[in-house]
Amino acid sequence: MRHTPVLVFAALSSGSLGQNIVSTVVATGYSKPVAMIQNPADRNVQFVVEQDGVIRVINNGVKLATPFLNLSSVVAKGGEKGLLGLAFPHDYATSGFIYVNYSLPGRIMQVSRFKRSNGNPLVADPNSGLVIIRTERPFDNHNGGTIAFGPDRMLYIAMGDGGGTGDPNNLAQNRTSLLGKMVRIDPRVDRYPSDPLRNYGVPPNNPFMDGLPVVARGEIWSFGLRNPWKFSFDHPNWLGTGAMVIGDVGQGSFEEVNYEPAGEGGRNYGWKRFEGNSQFSNTLLAFGPHSIPAFVYGRSEGQSVTGGYVYRGLELGPDYFGRYFFGDFVAGRLWSGRFTRLNTGQWVLTDVRNHTATAQPGQVSSIDIDLVGELYVCSYATGAVRKLSLSNATYIFSYAFPDTRQVGGTVRHLIASDSNVVRLAPPTTSQRSTNLVGIFKTTRATRSTVSVTAVGSHGIDAPLALDVFLKRWSDGQFLRVGQFTMDGARRVFKVNGRPAATFVRASDGRIEAKLTTTRSGIISTVSQVLWDQLRVDVQ
């Protein structure tokens, strides 16, 4: 089923989901930032990619003076050219490899591999470069940019159609060209030892390796893209579906977002026969059918889509969990929506909300995530990196089995209601803890009461008494605020009316809640069930 532009425009509402998305500057002073990429080996380190060829370091929220990598002397600059992409493989902690995508003089785009220096993990070795793949193009624009390792550990490269107005050489539908395609390669092997510009292998399960539905270059994952500036994966590590989501910049009328379920390559997204849902030219498709966009918007809303991420973090809460955030570079707008599968099998982006007024993202050149799935926006003109958060919210920050192990904010235990639970089972432990501590944060302006809610069952016939404590920040002591009994059935317990000033740390809105029991031998199981449905509300 196809959307009509009228329906799409109507979906771009300015409504909220109960709480406003806001943004806070976490680092600034960058020149033309086009990406913020998380260091997978260190939660506290991110890298900011500057278009003119420099990769900068944010370490514990501080912008370092020494670049991670400086390629400004070799990168071709101007317009849509420059250093456009950075990716870390899954084994970065041990291999030290990084991959960058950048322009060279002569209308060349190149992906190269560099290595982290031996003496300083925050500096790469500029002399360690190895060309992975190189493509030439007829014009200076439509270079794509994003490169990313998928959940399958293969390297995906978004390649534009080579530029010009309306893809004059019809490269996006050309079966022998990599331009206008999503490319998938394996950079861990070299299947072309005699060619210094091709240091990779083609995965044998790439969709066109068997010559069906057409004979095409083996590196191609999908056809028919114009300028896929940003794409991402809804990563399974964060309870995602594994889908690829592509923001493809349009020609003169429409911008589009394409949704590709996990592993379903071999698609044709239609350019240049189609722009969005409308026919653009009489050019024949290399093969059909045309994969319909999940979302399309017109020039009244923006002029250059910046693809983003499906949110799988903690701080925006369960209402936003699973919503796709994307923006527009020219209009400086930020939206979110939820992907829905129709009975026809097509995926569409529904309930699209406009967060621009409260988030104030600026000229959105990139939307990125950190190691725990929280969202950041690169503002191109101002040179700032901004973090998205809620203006009025309480969220889980971390939890701990104090005598066994600590787990940080990657845990997705968020409660909106009994019918809307997002959860990931806590780790099992053979040790029997006597308490369980939950750490929360709040950004609510009004903190009049604190409510602790525990829901669960322990599967034991005998009743089990548990005490609920909140931490008093004036002296660091946990105060017992109530007790409840679980008798094997599902129970809800609340502690209300406690002055928030006592239990909410003024500096950062941190709350600590603790459940304890003295009954030995079963607390591990009980903790797992209870923590899966524990929440603290501040009102």
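Just so you know, these numbers use all the heavy atoms, side chains as well, and skip hydrogens, waters and symmetry mates.
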Using only heavy-atom distances, determine whether the side chains of [X] and [Y] contain a donor-acceptor pair under 3.5 Å.
X      : Y      : result
Thr340 : Arg338 : no
Thr382 : Tyr30  : no
Asp234 : Thr241 : yes
Gln110 : Ser112 : yes
Glu374 : Tyr311 : yes
Gln173 : Asn268 : yes
Gln251 : Glu275 : no

Test of understanding: with salt bridge (charged side-chain N to carboxylate O under 4.0 Å, His left out), list the residues that count as partners of Glu260, not counting sequence neighbours. none
By salt bridge (charged side-chain N to carboxylate O under 4.0 Å, His left out), Asp167 pairs with (sequence neighbours left out) none
From the options Trp347, Tyr324, Phe295, select the one residue that forms a ring-ring contact (aromatic ring centres under 6.0 Å, His included) with Phe339. Tyr324
Exactly one of Tyr156, Phe233, Tyr92, Tyr99 should register a ring-ring contact (aromatic ring centres under 6.0 Å, His included) with Phe149. Which one does? Tyr99
Using only atom types and a distance under 3.5 Å, with no angle test, would you say the side chain of [X] pairs donor to acceptor with the backbone of [Y]?
X      : Y      : result
Ser72  : Val54  : no
Asp248 : Arg226 : yes
Arg137 : Asp161 : no
Asp370 : Gly373 : yes
Arg323 : Ser336 : yes
Asp125 : Lys115 : no
Lys81  : Gly79  : no
Asp42  : Asn44  : yes
Ser232 : Gly308 : yes
Thr358 : Ile21  : yes

Shortest non-hydrogen contact from [X] to [Y]?
X      : Y      : result
Arg267 : Tyr269 : CD-OH, 3.5 Å
Met159 : Leu178 : CB-O, 3.6 Å
Ser31  : Asp52  : OG-OD2, 4.4 Å
Ile147 : Leu155 : CB-CD1, 4.2 Å
Pro33  : Ser379 : CG-O, 3.7 Å
Met154 : Pro203 : SD-CG, 3.5 Å

Validation row: [X], [Y] side chains within 4.5 angstrom (heavy atoms):
X      : Y      : result
Leu83  : Ile55  : yes
Asn205 : Arg184 : yes
Glu50  : Val34  : no
Pro361 : Ser23  : no
Leu130 : Ile132 : yes
Val26  : Tyr376 : yes
Leu197 : Ile133 : no
Arg107 : Glu136 : no

Spacing of [X] atom [atom1] and [Y] atom [atom2] [to the nearest 0.5 Å]:
X      : Y      : atom1 : atom2 : answer
Tyr200 : Asp190 : OH    : CG    : 10.0 Å
Lys230 : Thr146 : NZ    : OG1   : 4.0 Å
Lys32  : Ser365 : NZ    : OG    : 12.0 Å
Asp368 : Lys387 : CG    : NZ    : 13.5 Å
Ser291 : Ile246 : OG    : CD1   : 9.5 Å
Leu285 : Arg273 : CG    : CZ    : 6.0 Å

Please identify which of these residues, Val183, Asn206, Ile157, meets the side chain to side chain contact (heavy atoms under 4.5 Å, CB included) condition with Trp221. Asn206
Could you check Phe326 against Val310 for side chain to side chain contact (heavy atoms under 4.5 Å, CB included), going step by step and ending with a plain yes or no? CA-CA 9 Å; Phe326 66 108; Val310 176; over 6 Å; no
Hey, would you say the Phe68 and Phe47 ring centroids sit under 6.0 Å apart? yes
Does the ring center of Phe325 lie less than 6.0 Å from the ring center of Tyr309? no
Within 6.0 angstrom of Gln279 CD, more than 12 heavy atoms from elsewhere: yes
Side chain to side chain contact (heavy atoms under 4.5 Å, CB included) between Asn59 and Leu122, worked out: CA-CA 9 Å; Asn59 187 13; Leu122 299 181; 3.7 Å; yes
Ring pair (Phe, Tyr, Trp, His ring centres under 6.0 Å) between Phe329 and Trp229: does it pass, once the steps are laid out? CA-CA 11 Å; Phe329 177 79; Trp229 166 236; 7.9 Å; no
Determine the interplanar angle of the Phe223 and Phe208 rings, folded into 0 to 90°, and report it as parallel if under 30°, tilted if 30 to 60°, perpendicular if over 60°. perpendicular
Show, in sequence, the C-alpha distance, side-chain angles and deciding distance for Glu219 and Arg198, and conclude whether the side chain to side chain contact (heavy atoms under 4.5 Å, CB included) test is met. CA-CA 11 Å; Glu219 297 97 326; Arg198 299 176 73 189; 3.1 Å; yes
